[in-house]
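Residue numbers start from 1 in every chain, and the chains themselves are labelled A, B, ... in the order their sequence lines are given, proteins ahead of strands.
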Protein chains: 2
Amino acid sequence: MEFDIANFNDALGKNCVIILACKCSIHYSGRAESFLSDGDRLIIIKSDKTLLVHQHVGSNPINYMKEGTGFSLVLEDGRLVLHCRNIPVKEYMDIIISKVHSFQQLQMEDSEKIRLVGSERDMSDMIYRQPELIEPGFRPLSREEHTKYGFIDVFGYDKRNNLVIVECKRYSADFKAVEQLQRYMTKIKQLKGVDNVRGIVAAPEISANALQMLKDFGLEYRSISPPKFLERFNRDQKKLGEY
Amino acid sequence: MEFDIANFNDALGKNCVIILACKCSIHYSGRAESFLSDGDRLIIIKSDKTLLVHQHVGSNPINYMKEGTGFSLVLEDGRLVLHCRNIPVKEYMDIIISKVHSFQQLQMEDSEKIRLVGSERDMSDMIYRQPELIEPGFRPLSREEHTKYGFIDVFGYDKRNNLVIVECKRYSADFKAVEQLQRYMTKIKQLKGVDNVRGIVAAPEISANALQMLKDFGLEYRSISPPKFLERFNRDQKKLGEY
DNA sequence: GGGGAGAGATGCCGC
DNA sequence: GCGGCATTTCTCCCC
């Protein structure tokens, strides 16, 4: 493999993405400390100076450095070493490279942002627009608001003018979701000086423990799923070309 | 760029890592749904059939598929499409490739596992071995044990034979840590039928809100940091960092 | 497989 | 910067 240190450091100075496949060992020190012995890894340095080290399996990088890291590849005591320093966050990494398998630098043009559907935010939007999903006569006042009462998903009144707090979960609600709702309940009762406040967990399902805790606290549960606008995709993959 | 569909699908059948730099748009549907318009991306398919899609910035993949995904690259209506299907978890992705920048397949040998120091587990070990970090006369009985009382970091008796529950946090303790400890307290008092139980949060720091809640609950705080065995590494970096 | 909890969590938004 | 919270969280361990 033709590989030149000056060439690599030159690439670091450019606004490109570097892909280095190599055999290496790694030492990291920062928020914690880690050691990884010699093995083949994929090293990616992005244009924002994020570093990722990937093994041949697993979805998470085995080591990484955050955006804005400084890099320098040097020959040290006859060994190729990639020094990685992020001074502001006090994170340090040394990658000792014993063999370079391949080296690549890429210019990547991409200004697109992802659009995601089916988040908890989408769920609270849906409930806000279709209050009857909670119950007839529910009148939502606000959604996803950072009030002094806390970060409440949907907040409103029922037909008897009781305050209603709705906590949404896009997955199965667990006891932490119930605790979270209970915390809002306590807070808002104190701050508003009222007692007629109802709390509702809205989620596609709820665990047995969470349901028990919910009942103990006198709270309620509604089975509601996050919106999916394109169920069609799952049913008929062939129609994908329509986008 | 010389690029052959059969060659790519052949690589998929082998136990290697595939790196594809290309311009593409992406549609994902599974736990949620996402759309990403055309742009240059780095696509990695690992030997365990994990897929990662990276943009030129950011530490997280913009899209991904989990281990065990099935892949198939086909020419569809004159367009190159990478179909990704993970039937067991009901996740689907289509990557429409408008230009291939580079394609690489790598054999990677790596059986090493990372050793990490400074975790919460290390903290509880340290306290177990040096109980005086909590207070004189503290006698720990167990650490990190899944008892019927719950998952308690350190569990023991103080010099007056009160039960003591210690909850460790490697970072600043927040009110959720206090809630967690309070939950264990309630549980253990119920199950043991005793009332003389003390709860201690051990963390390098604690937020103002958490400290208030802690006091309200009658719990205690000890400022303890997770162990770092190689502070020397940080000191030695100074001379290396001079470049 | 579900539940519970940690993670070098990350990322977002608001104050 | 910190705080509070969601995440296609992921990962591990135990039941």
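When the P atom is used for both D/dT11 and C/dG11, the distance is 16 Å, rounded to whole Å. D/dT8 and D/dG4: their P atoms are spaced 22 Å apart (whole Å). Atom C1' of C/dG6 sits at a distance of 15 Å from the matching atom of D/dT7, rounded to the whole Å.
Although no hydrogens or angles enter the test, the distance criterion places a donor-acceptor pair under 3.5 Å between the side chain of B/Asp38 and the main chain of B/Ser25. Of the possible donor and acceptor atoms, none in the side chain of B/Tyr64 sits under 3.5 Å from a partner among the backbone N and O of B/His54. Remark: side-chain polar atoms of B/Gln180 are not paired, donor with acceptor, to backbone N or O of B/Phe175 under 3.5 angstrom. In this structure, B/Asp40 contributes its side chain and A/Glu109 its backbone to a donor-acceptor pair below 3.5 Å. A/Arg85 places a side-chain N or O within donor-acceptor distance of the main-chain N or O of A/Met93, the cut-off being under 3.5 Å. Looking only at distances, a side-chain donor or acceptor of B/Asp48 sits under 3.5 Å from a matching main-chain atom of A/Gly58.
Along DNA chain D, the nucleotide closest to A/Arg183 and the one closest to B/Met65 are compared, and the more 5′ of them pairs with A/Arg183. Comparing A/Asn63 and A/Ala210 by the nucleotide of DNA chain C whose heavy atom lies nearest to each, the residue mapping closer to the 5' end is A/Ala210.
The side chain of B/Leu116 lies closest to C/dG8, out of D/dT8, C/dG8, D/dA6. Nearest to the side-chain atoms of B/Glu120 among the listed nucleotides D/dG3, D/dC5, C/dA7 stands C/dA7. Of the candidate nucleotides C/dG8, C/dG6, D/dG3, C/dG8 has the atom nearest to the side chain of A/Glu91.
A salt bridge is defined here as a Lys NZ or Arg NE, NH1 or NH2 lying under 4.0 Å from an Asp or Glu carboxylate O, and B/Lys169 with B/Glu120 meets this definition. Salt-bridge annotation for B/Arg31 and B/Glu91: present, with a side-chain N of the basic residue lying under 4.0 Å from a carboxylate O of the acidic one.
One interatomic measurement links the two molecules: CE of A/Met213 to C1' of C/dG3, which rounds to 13 Å at whole-angstrom precision. Here the P atom of nucleotide D/dC2 and the CG atom of B/Leu211 are 17 Å apart, to the nearest Å. Between B/Lys169 atom NZ and D/dG3 atom P the separation is 15 Å, expressed in whole Å. A/Ile152 has its CD1 atom 13 Å from the C1' atom of D/dG4, to the nearest Å. Atom CE in A/Met123 sits roughly 17 Å away from atom P in D/dC5 (whole-Å rounding). Rounded to a whole Å, the CD1 atom of A/Ile114 is 13 Å from the C1' atom of D/dT7. In this entry the distance linking NZ of B/Lys187 with C1' of C/dA5 reads 12 Å, nearest Å. If you measure from atom CD of A/Glu205 to atom P of C/dG1, you get 14 Å, rounded to the nearest angstrom.
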Dot-bracket line, read 5' to 3' along DNA chain C, where crossing pairs take [ ] and | marks a partner on another strand, Watson-Crick or G-U under 3.5 Å: |||||||.|||||||

Using a 4.0 Å cut-off on protein heavy atoms (strictly under), produce a 5'-to-3' string for nucleotides 10-15 of chain D with B for base contact, S for backbone-only sugar-phosphate contact, and - for none. SS--S-

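B/Glu167 comes within 4.0 angstrom of sugar-phosphate atoms only, judged by non-hydrogen atoms across all strands, and of no base. Among the atoms of the strands shown, none is found under 4.0 Å from any heavy atom of A/Ser34. Heavy atoms of B/Glu67 sit nowhere under 4.0 angstrom from any nucleic acid atom.
With sequence neighbours excluded, the residues that form a side-chain contact (heavy atoms from CB on, under 4.5 Å) with B/Leu191 are B/Tyr149, B/Lys187. Partners of B/Asp125 under the side-chain hydrogen bond (donor to acceptor under 3.5 Å, both in side chains) rule, at least two apart in sequence or in another chain, are B/Arg121, B/Arg143. Remark: A/Ile114 pairs with B/Ser34, B/Leu36, B/Ile62, B/Asn63 by the side-chain contact (heavy atoms from CB on, under 4.5 Å) rule, at least two apart or across chains.
Contacts between residues 170-181 of chain B and DNA chain C, defined by a heavy-atom separation under 4.0 Å, are made by B/Arg170, B/Gln180.
Shortest non-hydrogen contact noted between B/Phe138 and B/Pro140 is O-CD, 3.5 Å.
Ring-to-base geometry places B/Tyr28 in a stacked arrangement with D/dT8 (centre distance under 5.5 Å, plane angle under 30°).
No hydrogens or angles considered: nothing links the side chains of B/Ser72 and B/His83 as a donor-acceptor pair under 3.5 Å.
Between C/dG4 and A/Asn209, a contact under 4.0 Å exists linking OP1 or OP2 to a side-chain N or O.
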